[in-house]
Colleague: 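The structure follows.
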Amino acid sequence: MNKILMSFLLLSVISCTGSDEDQTPDNKPSIIGTWYVEKTEIYKSLNQQILVSFSTECQKMSTYEFTSTHLFSISFAQNNNTCEKANVVTQKYTFNQGNSTFWFEGQEKYPYYITKLNESDMVVEDRTQDFDGDGAKDVLRRFYKRIK
């Protein structure tokens, strides 16, 4: 009985110590970095359909670099048989770590929701548009992959 108790206590100590280190605020994944969109999903409330669209190789060249205060985006688009730089935009944003949302300056009423974030993946939801015209807001999900 004593051996069983000791084994249980040892396993409890081992299982607790490793996970505590992984939960420190300094080890939390961050949106800061450079990303590209791998795919998008639009959830339509009218018929509960999900439309999935994968980024082309040209679209994957588009980058979204989050700094602590700004998003720098460079988009590429196909023009005939050539992938060309289409747009460069810099926007100031505010990030609320408490509820994992961010919004752009002057657009506080239109937050983006980060529903998944780890070292390599981020999923951002836009819940502000009605894609199917039923009067209800639909959900646009962008699936990002970290470049650096």
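Since we're looking at a predicted model, the values are computed, not measured.
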Colleague: Is it true that a side-chain atom of Tyr93 and a backbone atom of Thr67 form a donor plus acceptor pair closer than 3.5 Å?
Modeller: yes
Colleague: Indicate, with yes or no, if Phe95 and Met122 share a hydrophobic cluster defined by side-chain heavy-atom contacts under 4.5 Å among Ile, Leu, Val, Met, Phe, Trp and Tyr.
Modeller: yes
Colleague: Output yes when Asp121 and Arg146 qualify as a salt bridge under the 4.0 Å nitrogen-oxygen rule, no when they do not.
Modeller: no
Colleague: Looking at every non-hydrogen atom in both residues, tell me the closest pair between Ser55 and Lys39 and how far apart they are.
Modeller: OG-N, 4.1 Å
Colleague: Please find the pair of heavy atoms, one from Glu125 and one from Arg141, that lie closest to each other, and give the distance.
Modeller: OE2-NE, 2.9 Å
Colleague: Between Ser62 and Ser75, which heavy-atom pair has the shortest distance, and what is it?
Modeller: OG-CA, 3.2 Å
Colleague: State, yes or no, whether a side-chain contact exists between Ser68 and Ile32 at a heavy-atom distance under 4.5 Å.
Modeller: yes
Colleague: Would you mind reporting whether Thr40 and Val52 have side-chain heavy atoms less than 4.5 Å apart?
Modeller: no
Colleague: With no hydrogens and no angle check, just 3.5 Å: does a side-chain donor-acceptor pair link Asp138 and Ser45?
Modeller: yes
Colleague: With no hydrogens and no angle check, is any side-chain donor or acceptor of Gln49 less than 3.5 Å from a backbone partner on Asn47?
Modeller: no
Colleague: Is Ile50 reachable from Phe54 through a run of hydrophobic residues whose side-chain heavy atoms are each under 4.5 Å from the next?
Modeller: yes
Colleague: Are Ile114 and Trp103 connected into the same hydrophobic cluster when the rule is that any two of I, L, V, M, F, W, Y join if their side-chain heavy atoms are below 4.5 Å apart?
Modeller: no
Colleague: State, to 0.1 Å, how close Phe66 and Ile31 come at their nearest heavy-atom pair, and which atoms those are.
Modeller: CB-O, 3.3 Å
Colleague: What pair of heavy atoms forms the shortest contact from Thr101 to Pro111, and how long is it?
Modeller: CB-CB, 4.3 Å
Colleague: Return yes if some donor-acceptor pair links the side-chain N/O of Asp126 with the main-chain N/O of Leu140 below 3.5 Å, else return no.
Modeller: no
Colleague: Is it true that atom CZ of Phe72 has more than 12 heavy atoms of other residues, nucleotides or ligands lying nearer than 6.0 Å?
Modeller: yes
Colleague: Could you label the plane-to-plane angle of the Phe102 and Tyr112 rings as parallel, tilted or perpendicular, counting under 30° as parallel and over 60° as perpendicular?
Modeller: parallel
Colleague: Can you tell if the side chain of Tyr64 reaches within under 4.5 Å of the side chain of Val37, non-hydrogen atoms only?
Modeller: yes
Colleague: Starting from Ile74, can I reach Met61 by hopping between I/L/V/M/F/W/Y residues whose side chains sit under 4.5 Å apart?
Modeller: yes
Colleague: Could you walk me through whether Gln59 and Gln78 pass the side-chain contact (heavy atoms from CB on, under 4.5 Å) check?
Modeller: CA-CA 8 Å; Gln59 290 167 333; Gln78 198 73 32; over 6 Å; no
Colleague: If you group Ile, Leu, Val, Met, Phe, Trp and Tyr by side-chain heavy-atom gaps below 4.5 Å, do Val124 and Ile42 land in one group?
Modeller: no
Colleague: Could you tell me whether the side chain of Ile147 reaches within less than 4.5 Å of the side chain of Tyr36, counting heavy atoms only?
Modeller: yes
Colleague: Just checking, any donor-acceptor pair under 3.5 angstrom between side chains of Asn80 and Thr82?
Modeller: no
Colleague: Any sub-3.5 Å donor-acceptor pair from Asn79's side-chain atoms to Glu84's backbone N or O?
Modeller: no
Colleague: If you define the side chain from C-beta out and look only at heavy atoms, does anything of Leu51 sit under 4.5 Å from Tyr43?
Modeller: no
